[in-house]
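Numbers restart at 1 for each chain; the letters A, B, ... are given by sequence-line order, proteins then strands.
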2 protein chains.
Amino acid sequence: MLEEQFKRATELINRHSDILLFTHQTPDGDAIGSLLATAIALENLGKRVVPFCADSVPEVFSFLPKIERVENKIGFQSQSVVILLDCQDFKRTGIDEKDFKILSNRFNLKEIDSIVIDHHPEENKGVLQYTSASVNIIEPKMAATTEILFELFENMKVKINKDIATCLLTGLITDTGGFQHSNTDPRVMRIAAILLTKGAHLNKIIRNIFQNKTMPSLKIWGRALERVKIDKTTKAAVSFLNRKDLEECHATLEDLSGVANMLSTIPEARFALFLTEYEPRKISGSLRSEEYKGVDVARLARRLGGGGHKLAAGFEIEGNPEDAFKIVNREILTDI
Amino acid sequence: MLEEQFKRATELINRHSDILLFTHQTPDGDAIGSLLATAIALENLGKRVVPFCADSVPEVFSFLPKIERVENKIGFQSQSVVILLDCQDFKRTGIDEKDFKILSNRFNLKEIDSIVIDHHPEENKGVLQYTSASVNIIEPKMAATTEILFELFENMKVKINKDIATCLLTGLITDTGGFQHSNTDPRVMRIAAILLTKGAHLNKIIRNIFQNKTMPSLKIWGRALERVKIDKTTKAAVSFLNRKDLEECHATLEDLSGVANMLSTIPEARFALFLTEYEPRKISGSLRSEEYKGVDVARLARRLGGGGHKLAAGFEIEGNPEDAFKIVNREILTDI
């Protein structure tokens, strides 16, 4: 169904030799995997490519091939086409106003050729905030942007080598939660099989992204898990960490990613509430639930000025952890 | 390469209408998945089948189709063929001497038709301890016994329905650690894709086997993780739990499965040592390491009278946790 778009994207890429690649800020495995896979594929076609990401690439992805090529300062040269990967809007790329102005002036963004390749639901008709992309390849049925890229590359007759395969598989693995989320469908599995045949380094991906737990992260997970309680009225699995916990374990907020998810899987919990005092009197709250539990945590988060998705949402409040918990209790736990 | 064996197994199955299925004791997902997939497949071919497992089936597998059919008392009737699944030896099935005698007398085991289907390395030439199987389908290159069964069923033209697909996928998922172990190859992925197309319940498998953490298990994991220390000389990641910990968290030994594995992935640890006082003065020790770390933990376990594999081994010692740790320290930690 995307064949027409693939054809147009291929024609457009064929016409240009200097290409600027963007992905979204706070990049995940699908963002970085898409960026590098596209950079390597286009370079192998003889293009000059600048892969750009406004934020520095998280340490866990440092094993990826050509990771050193990712730029976080825009050095514009003679690019004549822009590709947005795993996002649909320049706002999401995190480039600042100054750079955006340079980009606008240099390229006359309203007219520059641009391609959007993304698997998130379409945000606005017209898509790009500052221009309309020449080609939109937006397919929310795909589990990852690298899944779309795999099909595009096949269509373009790009030879998928070991490096490209590893980058594409990284996107598939991170966006399906290691083939555990419900977006893991037969197509994802078939593509994973082909990528493994092409030499994708499954072991490296798994070891770097899912394993390699650091001591601080294990210790802080330990504290968070040991404190879990089930709220009797609401059946929420509740846990918290304060400044002192983070300091004593030498842990950062990044180490805590995944804790709330794990709490939400407790069978007797309807959802999870996880509070972290990440700076003195600044509390970040994570809410998670599971599809089959039928709770909309985004609705709860909005009551505290936060937001998110039905199964994963968050909010920020000020105060010490005890006060924060009282507020949350009043606003959320009595609403459920 | 297994085609000849598949053909002989098919001929043998076609000749008999009453079939007794065995798997190993302390069954895992591949054992139970193989048992049920085979039972359903053979029943759909019009056979009468008794699926037997000496131990009761762990609660996490209770979601599997036809799980209620698994017998743990042998009620012999008129079976004339025996199939051993995910093991090669009657000893591993855990049937007691009395039952084995009945089985022997009833069936004249030396002569009964029998089929062994297993992916573990061949233990002895001749295979079955008490008899020689008529057909041996032993393929250690396969990630799971259910992977062999998938190929056998294709060969037998068994229609793989939703229930069979779920049972087969369960074996694939558990024996590849959720597609994360290095035995996850393109064939595993391709079969997983086909099983999903046939309606296998990926979500149910994941939710029941990898998620659904109970409160006692989260709390006890929390304690074990928070206590982890890296031994300076040996770079072992060491943690321990005593009786009181288990009691306070209402946890059982089963809740601790996986802790040692997680400790072994700490990048600065060469291997993991995890001690649990499961009964007063009875300590069970788990040793784990990772392929790329180059430590043979079975060698360490043998010094304390235990055993196991290169990357996963264990031992038992008596004493209070402090004494135990001193012994381990002297025997293992100075040897590395």
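Contact annotation for residues 222-229 of chain B against chain A (heavy-atom separation below 4.5 Å, listed by residue number): B:Gly222, B:Arg223, B:Leu225, B:Glu226, B:Arg227, B:Val228, B:Lys229.
In the displayed structure, A:Lys293 atom NZ is contacted under 6.0 Å by more than 12 heavy atoms of other residues, nucleotides or ligands. At most 12 heavy atoms of other shown residues, nucleotides or ligands fall within 6.0 angstrom of atom CD in A:Glu59.
Between the CZ atom in B:Phe179 and the CD1 atom in A:Ile173 there is a gap of 11.0 Å [rounded to 0.5 Å].
The minimum heavy-atom distance between A:Pro267 and B:Lys213, with the atom names listed, is CD-O, 3.2 Å. Minimum heavy-atom separation, B:Gln180 to A:Ile206: OE1-CG2, 3.6 Å.
Residue A:Arg187 does not touch chain B at all, counting heavy-atom pairs closer than 4.5 Å. Residue contact with chain B, scored on non-hydrogen atoms closer than 4.5 Å, is absent for A:Asn261. For A:Ile230, the parts lying near chain B are the backbone and the side chain together; criterion is any non-hydrogen pair under 4.5 Å. No part of A:Glu291 comes within reach of chain B, as not one of its non-hydrogen atoms sits under 4.5 angstrom from that chain. For A:Leu202, the part lying near chain B is the side chain, with the backbone staying farther off; criterion is any non-hydrogen pair under 4.5 Å.
In terms of the side chain to side chain donor-acceptor pair (under 3.5 Å) criterion, B:Glu139 has no residue partners (sequence neighbours excluded).
Each of B:Thr214, B:Thr184, B:Val188 has some count of heavy-atom pairs under 4.5 Å with chain A, and the biggest count is that of B:Thr184. Between chain A and the residues B:Glu290, B:Met262, B:Arg207, B:Glu268, the largest count of heavy-atom pairs under 4.5 Å involves B:Arg207. Among B:Ile194, B:Thr197, B:Leu263, the residue with the largest count of heavy-atom pairs under 4.5 Å with chain A is B:Thr197.
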